[in-house]
Amino acid sequence: MYKILIVEDEENMRLGLQDNLEFEGYEVDFAVEGNEGLRKILENKYDLVLLDVMLPNKSGFEICKEVRSKGIKTPVIHLTAKGEEIDKVLGLELGADDYITKPFSLRELLARVKAILRRTADSAIEKKSIIQIGNLNINFESFNAEKEGQAVSMTHKEFEILKYLWNHKNETVSREDLMKEIWGADVYTTTRTVDNFILKLRQKIENNYNQPHHIITVYGIGYKLINV
């Protein structure tokens, strides 16, 4: 169940949001002024914060700035009666994920809440799917590879070989196993073909492909992936 914090000093607004969010199946917590809201964000884990801008003691802008300065990445939607573009820009620059101006449609707010929670969940799934092998961050599901934040071009066969080695990491995999599992009944594939693909992978994974530390040659047999 997603947990949402409402930081709002207007009682009718706060109770209305709480009732509707709980009706949608969310767990809801609330704070009625800025210092309380900041404390709750720092001390608890929420999936989303609905943060009013005009609050007693500490503004929503100040709260958002301090939360982001401490590395907390909980999504924030600012709620405010201000409609000037400069305020919207400021809120986003301080780290808010979205901005909605009062009075707003409840349907619109709920749609934005769902969109941000869905995006956050998708991002978390994506992050869990990424593994690091040597210098590369690999996502075998999306066939993406990155090195130091830059995309690395890899062929489908390279992904397949690396995935097979990953699934058998710390085990010796013979060239014949790789030929059978990756190329199947392709009569033109030889052990030399496998060696050439391993060399290409080493060039992308290793700091020095001539002295590999991750894809190790097991002489007379094949290769072993050691993820250190």
Side-chain angles (χ1 to χ4, degrees), residues 1-130 137 139 141-142 144 146 148-151:
M1 179 185 294
Y2 290 114
K3 187 174 183 180
I4 298 175
L5 173 67
I6 303 170
V7 187
E8 170 62 67
D9 61 320
E10 295 180 27
E11 184 176 12
N12 289 338
M13 173 69 71
R14 185 176 66 250
L15 293 176
L17 289 172
Q18 182 175 354
D19 288 344
N20 282 278
L21 289 169
E22 288 178 343
F23 181 78
E24 293 292 324
Y26 301 114
E27 181 181 349
V28 178
D29 193 7
F30 66 87
V32 299
E33 52 89 23
N35 288 329
E36 181 189 14
L38 176 61
R39 178 182 59 78
K40 287 199 169 187
I41 295 172
L42 296 179
E43 295 179 355
N44 300 277
K45 181 176 176 56
Y46 299 102
D47 297 293
L48 177 67
V49 177
L50 298 180
L51 180 59
D52 189 27
V53 169
M54 302 299 292
L55 290 166
N57 300 322
K58 191 181 291 288
S59 75
F61 289 152
E62 292 175 296
I63 293 172
C64 194
K65 182 179 180 180
E66 188 165 344
V67 164
R68 293 300 185 239
S69 72
K70 296 183 181 298
I72 297 174
K73 298 181 179 180
T74 305
V76 171
I77 298 178
H78 274 318
L79 309 176
T80 181
K82 291 186 176 182
E84 292 85 354
E85 184 177 1
I86 185 66
D87 293 311
K88 296 180 181 180
V89 172
L90 177 59
L92 295 173
E93 287 182 344
L94 291 175
D97 297 85
D98 204 350
Y99 194 109
I100 188 165
T101 304
K102 303 174 184 176
F104 50 77
S105 159
L106 182 61
R107 179 178 296 179
E108 179 185 4
L109 176 67
L110 292 174
R112 295 194 186 197
V113 167
K114 290 177 181 178
I116 287 181
L117 292 175
R118 182 170 59 248
R119 186 164 66 242
T120 304
D122 290 344
S123 177
I125 292 171
E126 175 76 10
K127 185 174 288 188
K128 288 180 181 179
S129 300
I130 295 174
N137 290 319
N139 187 328
E141 296 179 8
S142 61
N144 289 324
E146 290 186 354
E148 297 177 352
Q150 300 296 317

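Note: hydrogens, waters and symmetry copies are ignored here, and every other heavy atom, side chains too, is used. In this chain, numbering begins with 1 at the start of the sequence shown. Keep in mind the model is a prediction, meaning the values are calculated, not measured.
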Which residues satisfy the side-chain hydrogen bond (donor to acceptor under 3.5 Å, both in side chains) test with [X], sequence neighbours excluded?
X: Y26; result: none
X: D47; result: none
X: Q18; result: E22
X: E62; result: S59

Is any side-chain heavy atom of [X] less than 4.5 Å from a side-chain heavy atom of [Y]?
X: V76; Y: R68; result: yes
X: L5; Y: N44; result: no
X: I116; Y: R119; result: yes
X: L110; Y: L21; result: yes
X: F104; Y: L79; result: yes
X: L50; Y: V113; result: yes

Salt bridge (Lys or Arg N to Asp or Glu O under 4.0 Å) against E33, all qualifying residues, sequence neighbours excluded
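Checked E33 against salt bridge (Lys or Arg N to Asp or Glu O under 4.0 Å); zero matches.
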So, using salt bridge (Lys or Arg N to Asp or Glu O under 4.0 Å) as the criterion, who are the partners of E43 when residues are at least two apart?
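Per chain and number, E43 pairs via salt bridge (Lys or Arg N to Asp or Glu O under 4.0 Å) with R39.
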Name all residues meeting the side-chain contact (heavy atoms from CB on, under 4.5 Å) criterion together with [X]; count only those two or more places apart in sequence or in a different chain, and write none if there are none.
X: N20; answer: L106
X: E66; answer: L38, K58, S69, K70
X: E108; answer: I100, S105, R112
X: K65; answer: L94

Run the numbers on I130 and N139 for side chain to side chain contact (heavy atoms under 4.5 Å, CB included), then give the verdict.
CA-CA 5 Å; I130 295 174; N139 187 328; 4.3 Å; yes
Would you give the length of the straight line joining atom [atom1] of [X] to atom [atom2] of [Y], rounded to the nearest 0.5 angstrom?
X: I4; Y: L17; atom1: CD1; atom2: CG; result: 9.5 Å
X: L48; Y: L117; atom1: CG; atom2: CG; result: 5.5 Å
X: L51; Y: D97; atom1: CG; atom2: CG; result: 11.0 Å

Before giving the answer on side chain to side chain contact (heavy atoms under 4.5 Å, CB included), spell out for K40 and F30 the whole-Å C-alpha distance, their side-chain angles and the decisive distance to 0.1 Å.
CA-CA 9 Å; K40 287 199 169 187; F30 66 87; 5.7 Å; no
Where at least one partner belongs to residues 1-20, residue pairs that pass salt bridge (Lys or Arg N to Asp or Glu O under 4.0 Å), sequence neighbours excluded:
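Found E8-K102, E10-K102.
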Please assess T74 against V67 for the test side chain to side chain contact (heavy atoms under 4.5 Å, CB included), listing each intermediate value before the final yes or no.
CA-CA 9 Å; T74 305; V67 164; 5.8 Å; no
Of all the heavy-atom pairs spanning Y46 and D29, show the shortest one and how long it is.
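Heavy-atom minimum between the residues: OH-OD2, 2.7 Å.
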Testing the basics here: between C64 and A96, what is the closest heavy-atom pair and its distance to 0.1 Å?
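Where C64 meets A96 most closely, the heavy atoms are SG-N, 3.6 Å.
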Check against side chain to side chain contact (heavy atoms under 4.5 Å, CB included), D52 and I6
CA-CA 8 Å; D52 189 27; I6 303 170; over 6 Å; no
